[in-house]
Visitor: 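Can you keep this structure in mind? I'll have questions shortly.
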Amino acid sequence: MTDPAPTPDPTPISARAQVTAGPPYLADLNPEQRRAVETVDGPVLVLAGAGTGKTRVLTTRIAHILATRRAFPGQILAVTFTNKAAREMKTRIGDLVGGVVEGMPWLGTFHSIGARILRRHAELVDLKSTFTVLDTDDQIRLLKQLIQADDIDEKRWPARQLAGFIDSWKNRGWTPDQVPKGEAFAFANGKGGELYDLYQQRLKTLNAVDFGDLLLEGLRLFRDNPDVLADYQKRFRYMLVDEYQDTNVAQYLWLRLLAQGNPNICCVGDDDQSIYGWRGAEVDNILRFEQDFPGAATIRLERNYRSTANILAAASHLISHNEGRLGKTLFTDVGDEGAPVTVQGVWDSQEEARVVGDDIESLQTKGHALNDMAILVRASFQMREFEDRFVTLGVNYRVIGGPRFYERAEIRDALAYFRVVAQPADDLAFERIVNTPRRGLGDATLGIVHAHARAERIPLTEAAAAIVQTEELKPKPRKTIADLLTMFDRWRGQLETLPHTELAETILEESGYTEMWQRDRSPDAPGRLENLKELIRSMEEFENLGGFLEHVSLVMDTDSDDASDRISIMTLHSAKGLEFDTVFLPGWEEGLFPHQRALDESGRAGLEEERRLAYVGLTRARKSAKITFASNRRIHGLWQSSIPSRFVDELPADHVDVIETSGYGGLGGYGASRFDRIERTFDSAYSTPGWQRAQRRGEPQATRRTAPMIDGELVASETDDSAGYSLGERVFHLKFGNGVVESVDGNKLTIQFDKAGRKKVLASFVERV
DNA sequence: CTCGGCAGAATTTTT
DNA sequence: TTCTGCCGAG
């Protein structure tokens with residue numbers, strides 16, 4: 001970047017020193033961070049490794065733009081992926097600038113900013129500005145209707161799958177007419193494309209959009225209305241994008257259109273932390289940045305402020321097994337290299353939970369807070385075992401992720417009532433509550449209303465209103481519907497007169513919804529009533545019902561401000577962006593992590609994404625990371641034996657400790673007793689394609705592998721593990737019983753068990769009969 | 001219209 | 001194994 005021609009500086013030397021030192025908010029930045037903040041003009045890509053102060057750079061950069069008066073708050077576009085990230089940025093900018101940032105109206109998630117723009121120009125994309133944002137559930141229900149109407153076998157072609165296709169098309173920026181033939185054919189023998197088109201039409205009549213539309217329709221808006229686009233291009237003098245590696249094609253196109261106005265776009269991301277490929281994220285966006293934005297400056301942030309040297313070394317070495325990276329190497333100056341990453345093999349998932357539980361208790365007695373620890377699992381089914389164990393031990397825990405507040409049935413019902421009041425054309429909401437609580441309005445009655453609505457192309461509420469004027473319905477349902485409509489009319493009339501929280505309460509009371517749960521004798525009914533109260537309480541911070549509904553559809557996260565000391569349990573995906581002193585990483589087994597499905601469906605790309613997930617997991621740890629793997633795990637109710645994850649092999653031996661577990665009765669297992677690392681003699685032979693192929697095929701002549709290896713070195717070696725077993729030999733396994741050895745591959749045996757079928761097990765877990 | 005039984009699936013998740 | 005969603009009977 002070239003500086004403007006220097007002008008003579010009249011400031012006295014003494015003061016100039018301060019000028020070079022810069023404003024106070026720049027003072028604590030390291031040189032790279034500072035460059036990332038100060039390179040404000042032109043495209044900039046900041047490759048920010050885990051724990052290198054990414055958010056800090058982003059927020060300071062905004063503060064810098066404001067402080068140097070390059071732009072007003074309203075001229076900066078700053079997009080994030082999650083509401084949490086947006087919120088954090090807001091508060092941190094506030095801290096930097098001092099006081100509240102009055103209006104950074106364009107700091108938010110892609111979706112909320114997309115919605116904001118769409119509402120302003122709704123009529124240009126055939127919508128009214130009151131449009132509803134449908135969530136996945138509504139989306140699927142709508143698609144189901146379309147599939148049924150088209151006489152397609154729902155069993156073979158589930159709505160859920162179509163929703164997936166449509167989502168991915170939207171992620172790629174395709175409107176119905178842009179979907180390639182081959183793609184459209186993937187669903188229901190070619191019906192996919194039509195259904196997408198039909199779906200979009202239905203959305204328009206419902207005055208609704210789905211999440212994908214918030215961007216795709218925005219894209220269409222910009223393309224079809226150059227004046228509107230030009231307006232925003234002019235408005236946004238500086239653009240900042242967080243987590244750029246997670247952007248999909250639609251988001252990329254959207255950004256690129258806006259950036260055509262001026263090139264002051266700064267994208268921050270880390271290709272090594274791209275873990276959302278399965279939902280449309282394109283790592284390519286970040287890899288291609290320099291081509292996309294000519295003259296881009298690339299700045300690497302590699303100085304890590306979070307983790308110990310051991311943890312960084314383990315993570316870096318692991319991720320170096322990926323190809324096609326932009327390449328970063330994290331380092332730290334902190335002298336103390338900390339404890340090595342530990343790897344421990346256990347018998348089964350229960351023992352895994354036990355071992356982790358014991359660790360936690362001993363850390364606790366040493367004064368560590370539970371809040372500083374987390375368990376990061378690959379799949380949520382793994383959580384249960386830990387929860388069970390913690391309940392028995394009396395360890396407080398919290399599960400992060402999982403079913404969210406706004407996804408609960410009672411909340412969705414209540415919201416559906418509000419939606420019908422605020423937006424009469426919202427058929428999906430109407431259908432949801434028309435017979436909740438039970439009013440005796442079933443398919444028969446609804447069918448008639450539906451038919452009329454379809455024939456006249458009007459919303460259900462309108463159709464219902466017309467029908468009650470006729471003799472078409474039997475007296476009873478006719479009166480019920482009439483009464484319901486009267487109630488809705490009354491509530492709509494109160495929109496202006498009653499405060500929205502009171503109106504909400506009134507609606508739930510008068511509709512009989514609250515009563516329905518009061519009468520319910522099931523154990524969770526009181527909790528549901530409590531949730532409804534909470535819902536009303538949370539409405540208070542909004543100005544009106546519309547504002548609240550927008551919040552609910554776009555800001556589906558509820559931050560529980562729970563201050564108590566608890567260990568967190570969550571998936572690796574939801575751990576991104578967080579950090580803990582101690583991180584437990586259970587379930588590092590082939591098939592689970594890397595997940596078999598990722599390998600089957602996405603091959604090498606899938607494996608690399610899994611590896612990045614492992615990298616994300618490790619880099620969450622500040623002081624200590626503890627990996628475990630189990631030899632047996634129950635999946636879908638069946639016991640499966642498993643072998644350690646290849647990621648264990650990919651850790652650098654020098655920074656890892658293998659922990660021995662005593663006590664599976666003489667069955668030498670992983671980590672049992674043998675700590676000695678055998679001198680590496682085969683060196684990189686284990687990572688060659690040939691070896692890997694051999695491993696896959698189980699070729700017997702492949703280098704015999706007798707114990708888990710870390711980075712090609714044998715650890716915990718039970719050198720004799722497989723030595724004695726030969727084909728056809730009868731063996732006994734604690735969990736699977738008796739069986740016959742079918743093949744031998746290093747320490748892995750394939751055994752045909754008499755009862756349990758064919759399994760791959762470790763030689764150390766079987767005995768000769 | 002409602003309830004019970006059975007088949008089939010069961011990563012990752014934000015908005 | 002456990003949950004969900006669909007279909008048939010009452």
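So you know, we letter chains A, B, ... as the sequences are listed, proteins then strands, and number each from 1.
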Visitor: Determine whether the aromatic ring of A:Trp278 stacks with the base of B:dT12, defined as ring centroids separated by less than 5.5 Å and ring planes inclined by less than 30°.
Guide: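 Base of B:dT12: stacked against A:Trp278.
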
Visitor: The side chain of A:Ser574 is closest to which nucleotide in this list: B:dT11, B:dT13, C:dC7?
Guide: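 Closest nucleotide to the A:Ser574 side chain: B:dT13.
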
Visitor: What is the distance, rounded to the nearest whole Å, between atom CD of A:Glu243 and atom C1' of B:dT15?
Guide: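 After rounding, the gap between these two atoms is 14 Å.
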
Visitor: Is the glycosidic torsion of B:dT11 within 90° of 0, making it syn, or is it anti?
Guide: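 That one's syn.
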
Visitor: If you look only at distance, which donor and acceptor atoms sit under 3.5 Å apart when one is on a side chain in residues 429-436 of chain A and the other is two or more places apart or in another chain?
Guide:
residue: A:Glu431; atom: OE1; partner: A:Gln145; partner atom: NE2; Å: 2.8
residue: A:Glu431; atom: OE2; partner: A:Gln145; partner atom: NE2; Å: 3.2
residue: A:Arg432; atom: NE; partner: A:Asp413; partner atom: OD1; Å: 2.7
residue: A:Arg432; atom: NH2; partner: A:Asp413; partner atom: OD1; Å: 3.2
residue: A:Asn435; atom: OD1; partner: A:Arg439; partner atom: N; Å: 2.7
residue: A:Asn435; atom: OD1; partner: A:Gly440; partner atom: N; Å: 3.2
residue: A:Asn435; atom: OD1; partner: A:Leu441; partner atom: N; Å: 3.2
residue: A:Asn435; atom: ND2; partner: A:Leu441; partner atom: O; Å: 3.3
residue: A:Thr436; atom: OG1; partner: A:Arg432; partner atom: O; Å: 3.2

Visitor: Side chain of A:Leu554, heavy atoms from C-beta onward: which of B:dT15, B:dT12, C:dC6 has the nearest atom to it?
Guide: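 Given the options B:dT15, B:dT12, C:dC6, the side chain of A:Leu554 is closest to B:dT15.
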
Visitor: Across the strands shown, which category fits A:Ala598 at heavy-atom distances under 4.0 angstrom: base, sugar-phosphate, nothing?
Guide: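 Since a base atom lies under 4.0 Å of A:Ala598, the category is base.
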
Visitor: Taking the six-membered ring where the residue is Trp, are the ring centres of A:His595 and A:Trp278 under 6.0 Å apart?
Guide: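 No: the rings miss the under 6.0 Å criterion.
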
Visitor: Hey, what do you get for CG (A:Leu219) to CG (A:Leu214), rounding to the nearest 0.5 Å?
Guide: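 One finds 12.5 Å between CG of A:Leu219 and CG of A:Leu214.
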
Visitor: Assign A:Ser380 to base, sugar-phosphate, or nothing according to its heavy-atom contacts below 4.0 angstrom with the strands shown.
Guide: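 If one applies the 4.0 Å heavy-atom cut-off, A:Ser380 turns out to touch the sugar-phosphate alone, with no base involved.
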
Visitor: Taking only the side-chain heavy atoms of A:His573 (C-beta and beyond), determine which of C:dC7, B:dT15, B:dT12 contains the nearest atom.
Guide: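 Selected nucleotide (nearest to the side chain): B:dT12.
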
Visitor: Whole-Å distance between B:dT14 P and A:Lys576 NZ?
Guide: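 Interatomic distance, NZ of A:Lys576 to P of B:dT14: 12 Å.
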
Visitor: Would you mind classifying the nucleic acid contact of A:Ile113 as base, sugar-phosphate or nothing, using non-hydrogen atoms under 4.0 angstrom?
Guide: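 Nothing, no heavy atom under 4.0 Å.
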
Visitor: Closer than 4.0 Å, any side-chain N/O of A:Thr571 to the OP1 or OP2 of B:dT13?
Guide: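 Checking A:Thr571 against B:dT13: at least one side-chain N or O falls below 4.0 Å of OP1 or OP2.
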
Visitor: Looking at the side chain of A:Tyr276, which of B:dA10, B:dT13, B:dT15 is the nearest nucleotide?
Guide: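 Among the listed nucleotides, the one closest to the side chain of A:Tyr276 is B:dT13.
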
Visitor: Quick one: is B:dT2 close enough that its OP1 or OP2 comes under 4.0 Å of any side-chain N or O from A:Arg438?
Guide: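 Yes, because at least one side-chain N or O of A:Arg438 sits under 4.0 Å from OP1 or OP2 of B:dT2.
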
Visitor: Has A:His636 got its ring stacked on the base of B:dA9, with centres under 5.5 Å and planes less than 30° apart?
Guide: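 A:His636 ring does not meet the centre or angle cut-off for B:dA9; no stack.
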
Visitor: Run the side chain to side chain donor-acceptor pair (under 3.5 Å) check on A:Glu352 and A:Gln350 step by step: do they pass?
Guide: CA-CA 5 Å; A:Glu352 188 176 51; A:Gln350 278 172 15; over 6 Å; no

